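Reading through the structure tokens given below for one structure.
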Number of protein chains: 2
Amino acid sequence: MPSATEQKIIDAAVRLFASQGYDATSVQEIVTAAEVTKGALYHYFRAKDDLLFEIYRLLITAQSADMDRIIGLGLSSADTVREILVSLVVSTAERVDETAVFVREMHRLDEARMTEFRAERRRYHETFLAVIEKGQADGEFSSAVPADTVVRIALGVVNQLPVWYRPDGPKSPSVLAGEIADFVLAGLSGRGKDPERAA
Amino acid sequence: MPSATEQKIIDAAVRLFASQGYDATSVQEIVTAAEVTKGALYHYFRAKDDLLFEIYRLLITAQSADMDRIIGLGLSSADTVREILVSLVVSTAERVDETAVFVREMHRLDEARMTEFRAERRRYHETFLAVIEKGQADGEFSSAVPADTVVRIALGVVNQLPVWYRPDGPKSPSVLAGEIADFVLAGLSGRGKDPERAA
DNA sequence: GTGAGCATACCGACCGGTCGGTAGGGTGGG
DNA sequence: CCCACCCTACCGACCGGTCGGTATGCTCAC
């Protein structure tokens, strides 16, 4: 469990990284915003990029746990996909800043951590892929569009959320999540341009 | 028309910005990679961010011209959407590096240029939106999912391309573009979860 | 007393940008 | 024909300033 000081530092870092970018934010700015000193920061974190790592870790572990929980419910493919997307969109909307930092600055991780994250990402990706492939094999979904492309589209939308989602916008996260899920499920129900390709 | 030296500088900058990020790339690295000197760079560009500006300008003007051309063809709504998406995906795949830089570092523009770009972006967004709204009004598309959400999803996918698209991957840009267009059009054809919502 | 939890002063590396200078091709008056 | 003049394109050493990180020491709970 993080101490209050540690938490203040991470909160400030997320806010500043999201609005200015990682490199454009100095350690001095972070400690000033967090109302602590440099000594405190380097007491808890070995280097500036440990902050990035910590932000990613919190985000990814939460998302992975969410998806595993939903799959464990044993719903139909369509309902599983819907639940995954709704939960992902809502939780992403709640953490736009973290997601924005993650999407923009991921490539700045060092080799070892990068490898670790790619593995975790890949696991997430393939779990979702398996859900859709199962739905296609069962005939619940159309096979008109390959499952891997569907996954890429669906997860891509979520990563783009920080670009246009505004908490004070006209649509609540759950309304938005419903619309996105509707659209993806409509896409999976077939009726594309080439009817002869449908299962 | 840019001179050979100018072009070498931009090419090197695009490559380095895409792989390391803007701030993490020093002017010295750029000139070394471009095999020119600092003097040459500052002869053609007033500041480091003029490079960013130039990269964006080249990308956006090409995309806008493309969309206007397609709309001018007077196709059906479905075919217009398909053509816009295919052309956008293919041209983005050809310039993954530029797009990656654009998506990641857009927020680093100064106030004046930022305003200019938001206007251009908005114009692009609303032109696409109008196409979809017309299709919905004509009954060619389902109105189950609001047009603005569809636009956000479709354009979001394109912005995410640099994250996962690899030129040496198994799918050619045009195959990929076809799949993405198929999926979006299937989503627009209705048959979502709430049939009573359809027009 | 001793270690966790900080504060403060400071360091060396590096960065974007500048500036005095030069190489070489065009040009026009004699 | 030629040479004084100029102008564009480019060179590279250098500067002020900032940044991530460190060294050292205080303090207070146990």
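None of the values given here were measured: they were computed from a predicted structure. Order of the sequence lines fixes the chain letters, A, B, ..., with proteins taken first and strands second; residue numbering starts at 1 for each chain.
Taking CZ of A:Arg113 as the start and CD of A:Glu120 as the end, the distance is 15.5 Å to the nearest 0.5 Å. A distance of 8.5 Å separates CZ of B:Arg104 from CE of A:Met106, quoted to the nearest 0.5 Å. Here the CD-CD1 distance, from A:Glu54 to A:Ile10, works out to 4.5 Å after rounding to the nearest 0.5 Å.
In this structure, A:Gln28 places its CD atom 15 Å from C1' of D:dG17, rounding to the nearest Å. One interatomic measurement links the two molecules: CG of B:Leu41 to P of C:dC15, which rounds to 14 Å at whole-angstrom precision. With rounding to whole Å, A:Ile30 atom CD1 is found 13 Å from D:dG21 atom C1'. For the pair A:Tyr42 OH and C:dA9 C1', the computed distance is 15 Å after rounding to whole Å. In this structure, CG of B:Asp23 is placed 11 Å from P of D:dC19, rounded to the nearest angstrom. One atom, NZ of B:Lys8, and another, P of D:dC10, lie 9 Å apart when rounded to the nearest Å. Rounding to whole angstrom units, CZ of residue B:Phe45 and C1' of C:dG16 are separated by 16 Å. Residue B:Asp49 contributes atom CG, which lies 17 Å from atom P of C:dC15 at whole-angstrom precision.
For B:Ala40, counting side-chain heavy atoms from C-beta on, the closest listed nucleotide (C:dC6, D:dG21, D:dC11) is D:dC11. For A:Thr37, counting side-chain heavy atoms from C-beta on, the closest listed nucleotide (C:dC6, C:dC10, C:dG17) is C:dC6. Of the candidate nucleotides C:dT8, D:dC10, C:dG16, C:dT8 has the atom nearest to the side chain of A:Lys38. In this structure, of D:dG20, C:dG16, C:dG5, it is C:dG5 that holds the atom nearest to the side chain of A:His43. Picking from C:dC6, D:dC19, D:dC10 the nucleotide with the shortest atom distance to the side chain of B:Tyr44 gives D:dC10. Looking at the side chain of A:Val36, the nearest of the listed nucleotides C:dA7, D:dG20, C:dG17 is C:dA7.
A:Thr5 has no side-chain polar atom (N or O) that falls below the 4.0 Å cut-off from OP1 or OP2 of C:dG5.
When the nearest nucleotides of DNA chain D are assigned to A:Val27 and A:Gly39 by heavy-atom distance, the more 5′-ward of the two goes with A:Val27.
Side chains of B:Thr149 and A:Lys171: a donor-acceptor N/O pair is present below 3.5 angstrom, by distance only.
Interface remark: the A:Lys48 side chain does not form any donor-acceptor pair with the D:dG21 base, using a distance-only criterion of under 3.5 Å.
A 4.5 Å side-chain heavy-atom check between B:Tyr165 and B:Pro173 finds at least one atom pair inside the cut-off.
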